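Every number for a ligand or one of its atoms is a count from 1 in the order of the listing. Note that these values count all heavy atoms, side chains included, but never hydrogens, waters or copies made by symmetry. Worth saying up front: this structure is predicted, and the values here are computed from it rather than measured.
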Amino acid sequence: MRPDILQVAPMMPAVEAALAEAYRVHRLWEAPDQGVFLAAHGGEIRGVATNGHSGLPPAVMAALPRLEVVASYGVGYDAIDIPACRARGIGVSNTPDVLNDAVAEITLGLMIALCRRLPQADRFVREGRWLKGAFPLTAELTGATAGILGLGRIGKEIARRLVAMKMRVLYHGRRKQADQPYEFFDDLTKMARASDWLVVIAPGSAETRGIVTRGVLEALGPKGCLVSMARGSLVDEAALVELLANGGLGGAALDVFVAEPKVPEALFALDNVVLSPHQGSATERTRRAMGDLVVRNLAAHFAGQPLLTPVT
Ligand code: 8YV
């Protein structure tokens, strides 16, 4: 008998095929009425495959009395109630490390796009405006200072790439890391004041919710730029929009938003913003590696072995 698992949201076809081979997969997002579906099938489900965005809503978890394991397709697990899983003895896995390079790469890409004004330059050429004159001069990353909020696995990959861009790197986090060559700030506002760029890559959690306050953004200042790569919840988004519009903040490259895929419409009109649809890890190669970890974590669990990349 193949174990029953609940898939909360779509994944790459290859990953879905691998899951379908080993399990009876129930596709929650396709259920016309999720309440009715869970009442009928919730008691059969022993595993959940989800992603960082959908997580495991408490009402769904409550409807799965036999749940043993949750395998998430993403590194962030802020949408899964980890203490509640722990209390019920449910194992949770995520996909750390395999996405570090992809997220770091696009972080640099968005920073270059913002400061060299690549979206505007592309439109300039397409619209034939180059024929009438040169594109205005831009800023550059070289020689600027970047403060990283969250020097974890992805933060370190970003730092390496910023150094390669000849930037000075600072960081803020819960603690100073003795083995890191970058200057540590124990105060985020002070780091923002010392930075031209603030790169947000700390995990989403109760502890980091709203950590990038209006005060932090004001400290970054009219010439400073915010790069938001982790979760929208870390940033005071209303203050961000207001400061971008009134010149209190220089610019922003945003991959994540509070209510994504809904993005504050006021941002669409701003020229000092580059917008990206939460695609840090969204490459074929990386998503394949993430999917492989989801499949291997579930397989380990149902073979009676420990999870490969456990959160709990
Ligand atoms: C995914 C992410 O976009 O890893 C994370 O935490 O945010 C992303 O890699 C997410 O898991 C949705 O698939």
Side-chain angles (χ1 to χ4, degrees), residues 5-16 18-19 25 27-30 47-57 60 69-82 85 92-110 148-158 199-209 211-212 227-235 237 253-263 275-298 307-312:
I5 67 162
L6 182 69
Q7 190 184 333
V8 176
M11 293 189 200
M12 284 174 79
V15 180
E16 294 193 349
L19 292 177
V25 180
R27 296 154 74 89
L28 183 62
W29 75 100
E30 286 180 354
V48 161
T50 187
N51 64 37
H53 182 74
S54 304
L56 184 55
V60 177
V69 63
V70 179
S72 187
Y73 184 62
V75 69
Y77 45 82
D78 49 315
I80 301 171
D81 186 341
I82 300 298
C85 287
V92 181
S93 66
N94 65 343
T95 61
D97 291 320
V98 293
L99 42 61
N100 296 351
D101 287 328
V103 179
E105 179 177 295
I106 197 170
T107 302
L108 269 286
L110 290 173
I148 299 181
L149 168 55
L151 195 70
R153 289 178 281 228
I154 303 173
K156 290 189 179 86
E157 286 299 334
I158 294 172
V199 181
V200 180
I201 192 64
S205 68
E207 196 187 341
T208 59
R209 178 169 295 275
I211 188 172
V212 181
V227 188
S228 186
M229 301 304 299
R231 290 289 184 263
S233 62
L234 277 80
V235 179
E237 198 170 71
L254 307 172
D255 189 49
V256 291
F257 305 86
V258 170
E260 60 186 52
K262 286 196 192 123
V263 173
L275 303 172
S276 168
H278 194 152
Q279 53 173 346
S281 68
T283 68
E284 291 276 344
R285 176 175 175 272
T286 293
R287 285 286 164 89
R288 206 172 301 121
M290 290 162 64
D292 189 50
L293 264 181
V294 168
V295 172
R296 285 167 53 219
N297 272 297
L298 287 172
L307 294 171
L308 302 168
T309 48
V311 170
T312 56

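By the 6.0 Å contact criterion, CD on Glu105 is open, its count of non-hydrogen atoms from other residues, nucleotides or ligands being 12 or less.
The shortest heavy-atom contact between Leu293 and Pro96 is CD1-O, 4.2 Å.
For Glu284, there are no side-chain hydrogen bond (donor to acceptor under 3.5 Å, both in side chains) partners two or more places apart in sequence or in a different chain. Applying the salt bridge (Lys or Arg N to Asp or Glu O under 4.0 Å) rule to Arg209 yields no partners; only residues at least two apart in sequence or on another chain are considered.
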Contacts under 3.5 angstrom, residues 275-283 side chains, donor-acceptor by atom type, not counting sequence neighbours:
| from | atom 1 | to | atom 2 | distance (Å) |
| --- | --- | --- | --- | --- |
| Ser276 | OG | Asp255 | OD1 | 2.6 |
| Ser276 | OG | Gln279 | NE2 | 3.1 |
| His278 | ND1 | Glu260 | OE2 | 2.5 |
| Ser281 | OG | Arg287 | NE | 3.1 |
| Ser281 | OG | Arg287 | NH2 | 3.0 |
| Thr283 | OG1 | Thr286 | N | 3.1 |
| Thr283 | OG1 | Thr286 | OG1 | 3.2 |

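Listed as neighbours of ligand 1 are Asn51, Gly52, Tyr73, Gly74, Val75, Gly76, Leu99, Arg231, His278, Ser281, Arg287, Met290, each bearing a heavy atom under 4.0 Å from the ligand.
No donor-acceptor distance shorter than 3.5 angstrom exists from the side chain of Asn94 to the backbone of Gly74, with no hydrogens or angles considered.
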